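This structure is a prediction, so every number in the text was calculated from the model and none was measured.
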Amino acid sequence: MKMFEKDNYDMEWELLGIILAGMLALTFYTFRIPLLFPVPNQSKNNRESRFDVLRGFAMIGIVMIHIHSYFQFFHPGDSFIIHNTLMLSNLARFSVPMFILTSAIFLKIKEGYWVSKFKHLILPYTIFSILGYWIKYNHYSLNEFLTFYALGKVFTPFYFVPLLLQFYLLFYILNPIMKGENWRNIILIVSFLINVISNLGFFDTYLPSEYHSISIFNYIFFFVLGIFIGKTKQSKSEINHNSKFIISVYFVLSLILILIFSHLFGTDLKNHHTIYPVLFLLCIWQYLNDFNGSISKVLSFIGNQSLFIFLLHPFIIHFMHSIDPYSFGGPFFGYILTLLLNVGVPILISLIIQKGKFLYQSHHLTE
């Protein structure tokens, strides 16, 4: 019964999002207001740090989602969990779609395409999966490990890697077709319809249950949108203040709806609904230039280190499951400390590794 109710709330949230998106499009069309859409800088000299900022938001959001599960593990009936960590988790549901979208933006088919994916994604994922399986499970089975590895089940968040690899293969197929602008528009519309149909559960009975968590149909719109953004030429238009205001209003409306779903219904929303992540993307993009320089640098750095944080923080939160989060000074301080540890410790380890590589390379250059 509870599962049925949850599916109903997820469906309602999806439909409300589509209605909200329709109203937003109608508002822009009616008042002929230009919309500033995220487009990467065409300069090849500098790294596009604005998208690193978006990935920084997404990485913090992913940690917030997992913190809710951690708190719920110890205090499932506590009102703090139900009304606060659940709400923050639902607010962070833009995170995985944002990662997929930003991963697609700078994709290019060039020599060493699969070699790069192996070095920077498959190899780290393999190492962390082997280590995670050894640490987390008491009884070892090669068949079980290979199943968990293929489905990203060693740790729950690891599903993202096999999901992403499917998209890299899809890009390899779609890239020649999407060079044409007309085809890009058609494929974008089709991908949106597929994503909505998938979110409404129409593919569930036709797909193996084990595949549901890594189904590309749940996120295909965000990946195609990322490709679409990456192939769009940069516009020189300035930010329109009317556009900024309207996007902000609709984004606040979406936040109010999330608060209602979290507090009144106690719904733990899915992380692949189509509209909320796009509204988040549009809203943050309008305000990027207003961000404090230090905040932007921190978010950009987190975004730049996001894969390492993503693969390492499940280990940290796994070990933390032996400690009640309330023992860190109560629920509020426990939440803050858990967030800092799950973002900060992976960054610290990453810096140590990078420093070690730098010293090693410097030593060999001076020999």
Side-chain angles (χ1 to χ4, degrees), residues 1-14 16-17 56-98 132 135-138 152-160 212-213 251-273 276-277 280 302 309-310 312-347:
M1 182 66 180
K2 286 185 177 179
M3 181 62 72
F4 177 75
E5 289 176 354
K6 183 186 186 305
D7 289 341
N8 271 352
Y9 289 138
D10 276 317
M11 186 176 292
E12 288 169 6
W13 173 240
E14 182 72 13
L16 282 170
F57 271 112
M59 190 63 249
I60 293 171
I62 283 176
V63 173
M64 288 165 62
I65 292 169
H66 300 150
I67 290 176
H68 168 64
S69 300
Y70 168 52
F71 272 61
Q72 194 174 43
F73 176 79
F74 281 96
H75 303 280
D78 194 317
S79 61
F80 179 86
I81 311 300
I82 296 169
H83 296 304
N84 293 290
T85 64
L86 174 61
M87 179 192 70
L88 291 171
S89 172
N90 282 336
L91 288 173
R93 290 298 177 179
F94 65 87
S95 303
V96 173
M98 185 73 72
I135 290 172
K136 186 176 178 182
Y137 301 94
N138 296 321
K153 292 176 66 175
V154 172
F155 288 112
T156 303
F158 278 15
Y159 77 91
F160 179 75
H212 287 178
S213 62
F251 182 63
V252 169
L253 284 174
S254 71
L255 296 184
I256 291 171
L257 287 172
I258 287 177
L259 295 180
I260 291 172
F261 273 80
S262 301
H263 283 269
L264 294 185
F265 305 125
T267 310
D268 194 353
L269 296 170
K270 292 177 181 176
N271 58 3
H272 48 77
H273 291 293
Y276 175 59
F280 182 91
I302 292 172
I309 300 170
F310 176 82
L312 188 56
H313 92 271
F315 288 86
I316 296 166
I317 209 156
H318 170 71
F319 287 121
M320 290 183 73
H321 270 75
S322 61
I323 307 169
D324 188 331
Y326 285 16
S327 64
F328 298 125
F332 177 78
F333 289 108
Y335 190 95
I336 299 298
L337 184 61
T338 304
L339 180 61
L340 290 174
L341 287 173
N342 278 269
V343 175
V345 172
I347 287 178

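- In plain terms, the two heavy atoms of Asp10 and Lys270 that are nearest each other are OD1-N, 3.3 Å.
- Two residues are said to be in side-chain contact when any heavy atoms from C-beta on lie closer than 4.5 Å; Met87 and Leu259 meet this criterion.
- For Phe310 and Phe160, the ring centers are positioned less than 6.0 Å apart.
- In this structure, the separation between OG on Ser262 and CG on Leu88 is 9.0 Å, given to the nearest 0.5 Å.
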(message) side chain to side chain contact (heavy atoms under 4.5 Å, CB included) for Ser89 and Asp268? Distances and angles first, verdict last.
(response) CA-CA 8 Å; Ser89 172; Asp268 194 353; 4.1 Å; yes
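- Counted within 6.0 Å of OH on Tyr137, heavy atoms from surrounding residues, nucleotides or ligands total more than 12; the atom is thus considered enclosed.
- Remark: the backbone N or O of Leu91 is paired with a side-chain donor or acceptor of Tyr276 at under 3.5 angstrom.
- Residue pairs meeting the side-chain hydrogen bond (donor to acceptor under 3.5 Å, both in side chains) criterion with at least one member in residues 61-71, sequence neighbours excluded: His66-His313, His68-Thr85.
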All N/O donor-acceptor pairs, side-chain side in residues 334-344, below 3.5 Å, sequence neighbours left out:
{"from": "Thr338", "atom 1": "OG1", "to": "Gly334", "atom 2": "O", "distance (Å)": "2.6"}
{"from": "Asn342", "atom 1": "ND2", "to": "Thr338", "atom 2": "O", "distance (Å)": "2.8"}

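- Residues that satisfy the ring-ring contact (aromatic ring centres under 6.0 Å, His included) test with Phe155, not counting sequence neighbours, are Phe158, Phe315, His318.
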(request) Under the side chain to side chain contact (heavy atoms under 4.5 Å, CB included) rule, what do Phe261 and Glu12 come out as? Steps first, then yes or no, please. (result) CA-CA 10 Å; Phe261 273 80; Glu12 288 169 6; 4.3 Å; yes
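- By the ring-ring contact (aromatic ring centres under 6.0 Å, His included) test, Phe73 is found to be paired with His321, residues two or more places apart in sequence or in another chain being considered.
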(message) Applying side chain to side chain contact (heavy atoms under 4.5 Å, CB included) to Tyr326 and Phe74, what does each step give before you reach the verdict?
(response) CA-CA 9 Å; Tyr326 285 16; Phe74 281 96; over 6 Å; no
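- Of all heavy-atom pairs between Ile309 and Pro314, the closest is O-CD, 4.4 Å.
- Here the straight-line distance linking atom CD1 of Ile302 with atom CD1 of Ile60 works out to 4.0 Å at 0.5 Å rounding.
- Across all their heavy atoms, Gly132 and Val154 have their closest contact at C-CG1, 3.7 Å.
- Here Phe280 pairs with Phe57, Phe94, Phe251 under the ring-ring contact (aromatic ring centres under 6.0 Å, His included) rule; sequence neighbours left out.
- For the atom pair CD1 of Ile67 and CD1 of Ile317, the computed distance is 5.5 Å after rounding to the nearest 0.5 Å.
- Contact between Ala92 and Met64 at its shortest, heavy atoms only, is CB-CB, 4.3 Å.
- The minimum heavy-atom distance between Ile82 and Gly77, with the atom names listed, is CD1-O, 4.1 Å.
- For Asn84, the side chain to side chain donor-acceptor pair (under 3.5 Å) test picks out no residue, with sequence neighbours left out.
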(request) Determine, stepwise, if the pair Phe80 / His75 fulfils ring-ring contact (aromatic ring centres under 6.0 Å, His included). (result) CA-CA 9 Å; Phe80 179 86; His75 303 280; 9.4 Å; no
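- Of the possible donor and acceptor atoms, one in the side chain of Asn90 sits under 3.5 Å from a partner among the backbone N and O of Leu269.
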(request) Tell me, with the steps shown, if Phe328 and Met320 meet side chain to side chain contact (heavy atoms under 4.5 Å, CB included). (result) CA-CA 11 Å; Phe328 298 125; Met320 290 183 73; 3.7 Å; yes
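- Put simply, the side chain of Phe319 reaches to within 4.5 Å of the side chain of Ile135, judged on heavy atoms.
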